[in-house]
Amino acid sequence: QRQMCIRDRQNLANTGALSIQDIDAFIPGFDSGDTSFTQNGITIRGVSTPNISTGGDPSVATFYDDAYVPSAAATVQFSDVASIEVLKGPQGTLFGRNASAGVVNIQPNKPSADADGFVSTRIGNYGLKRFEGMINVPVTDNVFLRANLLKNERDGYQENTIAGGRDPEEQSVIAGRLSLLWEASEDTTAQFSFDFDDIDNGAQQAIGVIEGSAYTGKDPFDEEVQHDVQAEGETRKNYAYNAKLFHDINDELAVKVVASYREWETYNLQDEDGTGLVGTNLITNNIEDSDIFYSEVQFNYTGGDFTAVFGANYSTEDVFQNTDVSTFSLGDILTERVENTGDFSNYGAYGDLTYDMGDRWTFSAGLRYSHDEKDFTWLIPDTTNPVLGGNIIFTPVTDPKVEASESWSKVTGRALAKYQISDNAMTYLSYSTGYKSGGYDSLSVFTATDPLDPEETTSYEWGINCLLYTSPSPRDVEES
């Protein structure tokens, strides 16, 4: 399956999904990573980006409301969502940001002319309480407003037996969106949106089994843990402004313009040793404070036997990442820190043409050009270690900080042939190439002189899509 799509609010509600992390069980060849909201790595067909460094790009691109969303903010809450598409394989000739493995495309519902609304509640085990509401109202004959709000709380799966400690992976999420749509004329529509989420979750669980730990003589797989780090948790404050313009130039050609600004802050303080012993402390904290401006112009043409999509995109991103690793030595907590900043820019142009030869054969071909530029810095203070005399994990980089700059570019493309065997069966053969830019490892200053190479993929596919049976009710999941 090259594409999986979940549509309709009720169909999505049936999955019980809160974000992209909860739907991988329904999609073959797709893994949404662990339960971390801010350090999530999506995998498609075995290709992923496990490194959480802000200096690199994900192999799978995530789009929300037609705008690209970086990894730390990609776990968008499924509140009032119209559709979720998982597109497998390189998609650079169809989307405004290249990716080597695939695309996750999340589309929220648009405001409409009909007065509408709902309130829903979901109650479950481990103290799950989820409340969601939406209201859609026509302000005038051609201006419509839609607002939605979601609140989700759930206990962790394990109990932290340390007094005052939070349970791992407990959830507390508030998310919402406000959108205004203006039908300026029969041919022109403008939409303005604001969305946010505020996440305050428990950290990931850690279990350390050593002599004298809390698990000595116990089953480490029971439902109790000992995390002795105060203020442990995973938080994110994330908001975005989005503006879109749709215009039908004529009966055959339409244009879409997207401009989006998103900003997010994350905090991820984690007990990594999980022993409950003060003398074996290993603590990490990842902090990010970043923003991105994304813009895209896309044209869609439909005329006779030909359809085409072509466009261009431009984005700039400012990133800040602070990584702390703390250990216990000689009765004191010693912390080593890496501080990174980055200024990134990306632009590209793409086009894809499809020719329908008749009842049976369809051919598609497309090209894309991508260009990325990155400026990145490292600052690593030295630590006064009474035993070893300095840092034991990160190579110190003080004043001046290390700076690096690099650029990458690539032409990629695809060719696709489809043959309609019957009304219910189709076979296809495709060749495509994908690319994501090179970058830097935020924890390794050595990549300043030896940057991470770009990731390039070549995909060959042959498959058959067929409808094995028909159902009197709409299908919950569309496959193609």
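We count residues from 1, following the sequence as given.
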To the nearest 0.5 Å, tell me how far [X] [atom1] sits from [Y] [atom2].
X: Ile292; Y: Ser260; atom1: CD1; atom2: OG; result: 8.0 Å
X: Lys436; Y: Ser370; atom1: NZ; atom2: OG; result: 13.5 Å
X: Thr54; Y: Phe320; atom1: OG1; atom2: CZ; result: 9.5 Å
X: Tyr239; Y: Lys237; atom1: OH; atom2: NZ; result: 12.0 Å
X: Asp200; Y: Gln171; atom1: CG; atom2: CD; result: 11.5 Å
X: Ser432; Y: Arg414; atom1: OG; atom2: CZ; result: 8.0 Å

Check whether [X] reaches the backbone of [Y] with its side chain - one donor and one acceptor, N or O, closer than 3.5 Å.
X: Asn285; Y: Asn268; value: yes
X: Arg236; Y: Ala72; value: yes
X: Ser444; Y: Asp441; value: no
X: Glu132; Y: Asn152; value: no
X: Thr93; Y: Asp352; value: no
X: Asn281; Y: Thr327; value: no
X: Glu455; Y: Asp453; value: no
X: Thr457; Y: Ser100; value: yes
X: Asn391; Y: Thr383; value: yes
X: His227; Y: Ala206; value: yes

Begin from the C-alpha positions of Thr335 and Asp324 and carry the test side chain to side chain donor-acceptor pair (under 3.5 Å) through to its verdict. CA-CA 6 Å; Thr335 299; Asp324 292 339; over 6 Å; no

If I compare all heavy atoms of [X] with all of [Y], which pair ends up nearest, and what's the gap?
X: Glu339; Y: Arg337; value: OE1-NH1, 2.9 Å
X: Asp375; Y: Ser405; value: OD1-OG, 2.6 Å
X: Phe78; Y: Val81; value: CA-CG2, 3.6 Å
X: Ser459; Y: Pro90; value: CB-CD, 4.0 Å
X: Ala190; Y: Leu245; value: CB-CD1, 4.3 Å
X: Ser172; Y: Asn201; value: N-OD1, 2.9 Å

Is the ring centre of Tyr241 less than 6.0 Å from the ring centre of Tyr261? no

Using ring centroids (six-membered ring only for Trp), state whether Trp408 and Tyr435 fall under 6.0 Å. no

Would you say NZ of Lys410 has more than 12 non-hydrogen atoms from neighbouring residues, nucleotides or ligands within 6.0 angstrom? no

In terms of heavy-atom contacts, does CZ of Phe194 have more than 12 from other residues, nucleotides or ligands at under 6.0 Å? yes

Between Tyr440 and Trp378, what is the ring plane arrangement, given parallel below 30°, perpendicular above 60°, and tilted in between? perpendicular

Taking the inter-plane angle between the rings of Tyr68 and Tyr294 on a 0 to 90° scale, is it parallel (under 30°), tilted (30 to 60°) or perpendicular (over 60°)? tilted

Apply side chain to side chain donor-acceptor pair (under 3.5 Å) to residues Ser112 and Asp114 and explain how you reach the verdict. CA-CA 6 Å; Ser112 65; Asp114 299 324; 4.9 Å; no

Lys/Arg N to Asp/Glu carboxylate O, Arg166 vs Asp271, below 4.0 Å: no

Taking only Lys NZ, Arg NE, NH1 and NH2, and the carboxylate oxygens of Asp or Glu, determine whether Lys256 and Asp66 approach each other closer than 4.0 Å. yes

Do the side chains of [Y] and [X] get nearer than 4.5 Å, heavy atoms only?
X: Val257; Y: His247; result: no
X: Phe376; Y: Pro451; result: no
X: Phe95; Y: Glu296; result: no
X: Glu234; Y: Gln204; result: yes
X: Arg146; Y: Lys110; result: no
X: Val143; Y: Leu180; result: yes
X: Gln91; Y: Asn105; result: no
X: Leu269; Y: Ile283; result: yes

From CA spacing to verdict: side-chain contact (heavy atoms from CB on, under 4.5 Å), Leu94, Tyr350: CA-CA 7 Å; Leu94 299 170; Tyr350 60 92; 5.9 Å; no

Walk me through it: do Leu149 and Ile174 pass the test side-chain contact (heavy atoms from CB on, under 4.5 Å)? CA-CA 7 Å; Leu149 187 67; Ile174 298 177; 4.2 Å; yes

Looking at Phe344, does the NZ or CZ of Lys374 lie under 6.0 angstrom from its six-membered ring centre and within 45 degrees of the ring axis? yes

Between Asp167 and Asn160, is a side chain to side chain donor-acceptor pair (under 3.5 Å) present by the stated rule, with each step listed? CA-CA 5 Å; Asp167 293 339; Asn160 186 5; 5.5 Å; no

Looking only at side chains, do [X] and [Y] share a donor and an acceptor under 3.5 Å apart?
X: Asn313; Y: Asn346; result: yes
X: Ser193; Y: Arg177; result: yes
X: Thr377; Y: Glu403; result: no

Picking from Asn242, Asn238, Asp291, what satisfies side chain to side chain donor-acceptor pair (under 3.5 Å) with Arg262? Asn238

Working note: Ser179 + Gln191, criterion side chain to side chain donor-acceptor pair (under 3.5 Å); need CA distance, chi angles, decisive distance, verdict. CA-CA 7 Å; Ser179 184; Gln191 183 178 344; 3.0 Å; yes

Would Glu317 and Val319 count as a side-chain contact (heavy atoms from CB on, under 4.5 Å) if you check the C-alpha gap in whole Å, the side-chain angles of each, and the deciding distance to 0.1 Å? CA-CA 6 Å; Glu317 187 174 353; Val319 302; 3.6 Å; yes

In sequence, state the C-alpha distance, the side-chain angles, and the governing distance for Thr235 and Asp198, and then conclude on side-chain contact (heavy atoms from CB on, under 4.5 Å). CA-CA 7 Å; Thr235 68; Asp198 191 336; over 6 Å; no

Ile27 and side chain to side chain contact (heavy atoms under 4.5 Å, CB included): which single residue from Ile84, Val104, Val86 fits? Val86

